[in-house]
Amino acid sequence: MTRYLITSALPYANGPIHFGQVIGAYLPADCYVRALRLRGEEACFVCGADEHGVAITIGAEAEESSYEDYVARWRDQAKETFDRLGIEFDVWSGTSVSPFHAEMSREFFRRLDENGYLIRRASEQFYCPKDEMFLADRYVTGTCYVCGHDQARGDECPKCGTWLEALRLEVPRCKVCGTSPERRQTTHWYLDLPKLRDDGIGPWFEDHPWKGNVKAFVGAMLKDLQPRPITRDMKWGIPVPEELLGTLAEGEPDKVLYVWFDAPIGYVSFTREWAEARGEPEAWKDFWRSPDTRLVHFIGKDNIPFHCLIFPSMLFGVKQDYVMPWAVPAMEFYNLQGRKFSTSGNWTIAPDEHFTRYDSEATRFYLLSSAPETSDSEWSWGEFQSCVNASLADTIGNLVTRVLRFVAKHFDGQLPALAPALEDEVRASLLEHSGPFADPVDDILAFRFRRATQTLIANAAVGNVYIDREAPWALRKSDPERAGAVLFGACQWIAWIARWMVPFMPTRAQEIWEMLGGSGPVAAATTDGVPTAANWRLLPAGTALGAITSPFEKLEDATIQAEVAALEARAGN
RNA sequence: GGCGAGGUAGCUCAGUCGGUUAGAGCACUGGCUUCAUAAGCCAGGGGUCGCGGGUUCAAGUCCCGCCCUCGCUACCA
């Protein structure tokens, strides 16, 4: 039986999550998992924080926190944002705290070494004697040897745009403390990507039906692959297996696995943590080492090389029958009102503050409706307003209230009866004459999230067309039985809409289901995707309606204008 | 510099193998309706498909050149 293993890119634990990341890797994944489950598929949804790396040590030291406290804070804050958005992982962990993570990462390293895919190489790097650390190119500044600009970074000169070699910078300085760094010899392990490519990753990649942006980018990379370093000189991280350190020269500092080597292994170790927690310690292998598993990585496009090339190479190279990625629906970039999201430049939306004023379910829907699937897209406050008002409040919300309030007022708050003589007619009016409808789950499973939101709204519009043509407010006076039959149909349609809403707005879907008097989870109402003659009735006549409230509040022009003005004021425009 | 993505209605975007008159939503205009959150339904106006060539019976779609926007360029993650 096919199983789905869904991952969202591990958020780096050194800052808050913003909406660009939410729509890039987390919300589509949650929507996809919910869609799978509506179809009765087995799925495990894995995520957690990425907690190693030099950026975290610098961030923690700057505020005099311990590394552990620092990453715990950002790990918890990210989780809070996901909770507010209704993003429900089956397991949420962190690479510095997950019980299996360090040992599994070392095991990957050992096996890659045993299988001949690691190369050990010595090189020269800048070392800051004051901070007692080797400096990544980004952490060295100096004078550009091309144009003489004195604020050049070790990797690139911001003035002339030249791609620089850090060791050739003139007057180099440590970016953290300003000290003049010294050159030191250091030894590192490299992942032999060219060999992995030739042993199997190359053909595997070529034969796979990748999304366009993935195919183009990785295809180009495959032509010119270099071995890639996977260790670092620092204390914060997972130590390289001791038995492999053996022959290193005296005085070489602590060697840890490079954060980008251990991070994706988190997908594996967190799955194991999930299996352990549910009392089936070996269950993680059913996902990771079964040919029936479909592994889906939700990521932003900046992560494509890691998820389509490097991590698959690692999975392949350990030769333990790990599954390879089945799909990598990489999102493009998400901007905010025409500019990049920037937390430091205050051009951002703070999620926790956002949810004090706006509906998180509506926010989910708008984000999915504007997802950067095929090209960069953006959050626009005007579009958010128009989406909430026109699509959610006017089309779905108003359909719910116009029907339910009518039933409450004139039919005793109970789902009216459908007279057998009218059955065929009502069903045909609803299913055949009010417009086409489709299951949004089909779009979602094809990773077409924008289209899926349109499908949902189009389905809701069918309900409005039906009500308008049947005009139960007129029938109530001339033919009450027929009016009741029409409303019976309308209520069934609303039940279907609630069901279709589940992957996008799970909480609101349940609320509407309960307004209709539905019991149990709406997601369990039916496993069918669209109503047919056999299954269009989800609720029996006589069902007592629950309390009726407006599902979506509209957003005023003034509210939106104030939001845009506040954003620009914060950014200093 | 190299590689990649994009440019279609006022706005946001669909457009599959080249094939009827290039579509949708929002916005706008007119009509209908009064159950409903001033909501709903119907109809309509609005496009030189970035520019210039080429292939073809036929090009938004394929090829070449150019312009513009954005991303990546692998020891930040």
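Protein chains get the first letters and strands the later ones, always in sequence-line order, with residue 1 at the start of each. The basis for the numbers below is simple: all heavy atoms, side chains too, and nothing from hydrogens, waters or symmetry mates.
- Across all strands shown, B:A43 pairs with B:U29; the Watson-Crick or G-U wobble distances both stay below 3.5 Å.
- Note: CG (A:Asp262) to P (B:A77) measures 11 Å, nearest angstrom.
- A:Arg469 comes within 4.0 angstrom of no nucleic acid atom, judged by non-hydrogen atoms across all strands.
- Projected onto RNA chain B by closest heavy-atom contact, A:Ser375 and A:Arg451 fall at different nucleotides, the more 5' of which corresponds to A:Ser375.
- Rounded to an integer number of Å, the gap from NE2 of A:His297 to C1' of B:A77 is 17 Å.
- Base orientation of B:C41: anti, since the glycosidic angle falls outside 90° of 0.
- Across all strands shown, B:U34 has no partner, as no Watson-Crick or G-U wobble contact with both distances under 3.5 Å is found.
- Put simply, CG on A:Asp233 is 14 Å from P on B:C76, counting in whole angstrom units.
- Going from the C1' atom of B:A36 to that of B:C13 covers 30 Å, rounded to whole Å.
- Between A:Tyr366 atom OH and B:C11 atom C1' there is a gap of 11 Å when expressed in whole angstrom units.
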Strictly under 4.0 angstrom, non-hydrogen atoms only: write out the protein contact profile of nucleotides 22-41 of chain B, one letter per nucleotide from the 5' end, B, S or -.
----S------SSBBB-SBS

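- For the pair A:Arg448 and A:Gly53, both in contact range of RNA chain B, the more 5′-proximal nearest nucleotide belongs to A:Arg448.
- Pair assignment for B:C72: B:G2, on the basis of Watson-Crick or G-U wobble contacts that are both within less than 3.5 Å.
- When heavy atoms are screened at a 4.0 angstrom cut-off, A:Tyr258 is found touching base atoms of the nucleic acid.
- Residue A:Asn335 contributes atom CG, which lies 10 Å from atom P of B:C70 at whole-angstrom precision.
- For B:U34 and B:G46, the C1' atoms lie 31 Å apart once the distance is rounded to whole Å.
- The nucleotide B:A22 finds no pairing partner, because no Watson-Crick or G-U wobble arrangement with both distances shorter than 3.5 Å includes it.
- B:C63 and B:U21 have their C1' atoms separated by 28 Å, with the value rounded to a whole Å.
- Scanning for salt bridge (charged side-chain N to carboxylate O under 4.0 Å, His left out) contacts around A:Arg197 gives an empty result, with sequence neighbours left out.
- Taking the C1' atom of each, B:A9 and B:G23 are spaced 10 Å apart, rounded to whole Å.
- Within the shown strands, B:G50 is the pairing partner of B:C66 under the Watson-Crick or G-U definition, both distances less than 3.5 Å.
- The only option from A:Asn459, A:Asn464, A:Leu456 that meets the side chain to side chain contact (heavy atoms under 4.5 Å, CB included) definition with A:Ile396 turns out to be A:Leu456.
- As rounded to the nearest Å, B:C76 and B:G15 have P atoms that lie 37 Å from one another.
- If you take atom C1' in B:G18 and the same atom in B:A27, they sit 34 Å apart, rounded to whole Å.
- One finds no side-chain N or O of A:Lys301 lying less than 4.0 angstrom from the OP1 or OP2 phosphate oxygen of B:C70.
- Between A:Tyr67 atom OH and B:A77 atom P the separation is 13 Å, expressed in whole Å.
- No contact: A:Glu332 has no heavy atom under 4.0 Å from any strand.
- Nucleic acid contact for A:Lys175: none, since no nucleic acid atom lies under 4.0 Å from a heavy atom of the residue.
- The interatomic distance linking A:Asp302 (CG) with B:A5 (P) rounds to 18 Å, in whole Å.
- Across all strands shown, B:A58 remains unpaired; no Watson-Crick or G-U wobble contact has both distances below 3.5 Å.
- For A:His52 (side chain) and A:Val259 (main-chain N/O), no donor-acceptor pair under 3.5 Å exists by modelled atom type.
- Between B:C67 and B:C51, the two P atoms lie 15 Å apart (nearest whole Å).
- In terms of phosphate contacts, A:Thr374 brings a side-chain nitrogen or oxygen within less than 4.0 Å of OP1 or OP2 of B:A14.
- A centroid separation of 6.0 Å or more is found between the aromatic rings of A:Trp189 and A:Tyr258.
- One finds no side-chain N or O of A:Tyr139 lying less than 4.0 angstrom from the OP1 or OP2 phosphate oxygen of B:C75.
- Distance alone, capped at 3.5 Å, places no donor-acceptor pair between the A:Thr455 side chain and the A:Asp439 backbone.
- For A:Tyr358, the ring pair (Phe, Tyr, Trp, His ring centres under 6.0 Å) test picks out A:His354, A:Trp381, A:Phe384, with sequence neighbours left out.
- Nucleotides B:A14 and B:C62 place their P atoms 15 Å apart, quoted to the nearest Å.
- A:Val400 comes within 4.0 angstrom of nothing in the nucleic acid, heavy atoms only.
- When both distances must be under 3.5 Å, the Watson-Crick or G-U wobble mate of B:A14 does not exist.
- Side-chain N or O atoms of A:Ser98 include none that pairs as donor or acceptor with a backbone N or O of A:Gly94 at under 3.5 Å.
- Under the rule for a side-chain contact (heavy atoms from CB on, under 4.5 Å), the partners of A:Ala29 that lie at least two apart in sequence or sit in another chain are A:Ile6, A:Ser8, A:Phe45, A:Phe298.
- Here A:Asp479 pairs with nothing under the salt bridge (charged side-chain N to carboxylate O under 4.0 Å, His left out) rule; sequence neighbours left out.
- For A:Tyr190, the ring pair (Phe, Tyr, Trp, His ring centres under 6.0 Å) test picks out no residue, with sequence neighbours left out.
- We find that CZ of A:Phe311 is positioned 18 Å from P of B:A77, with the value rounded to whole Å.
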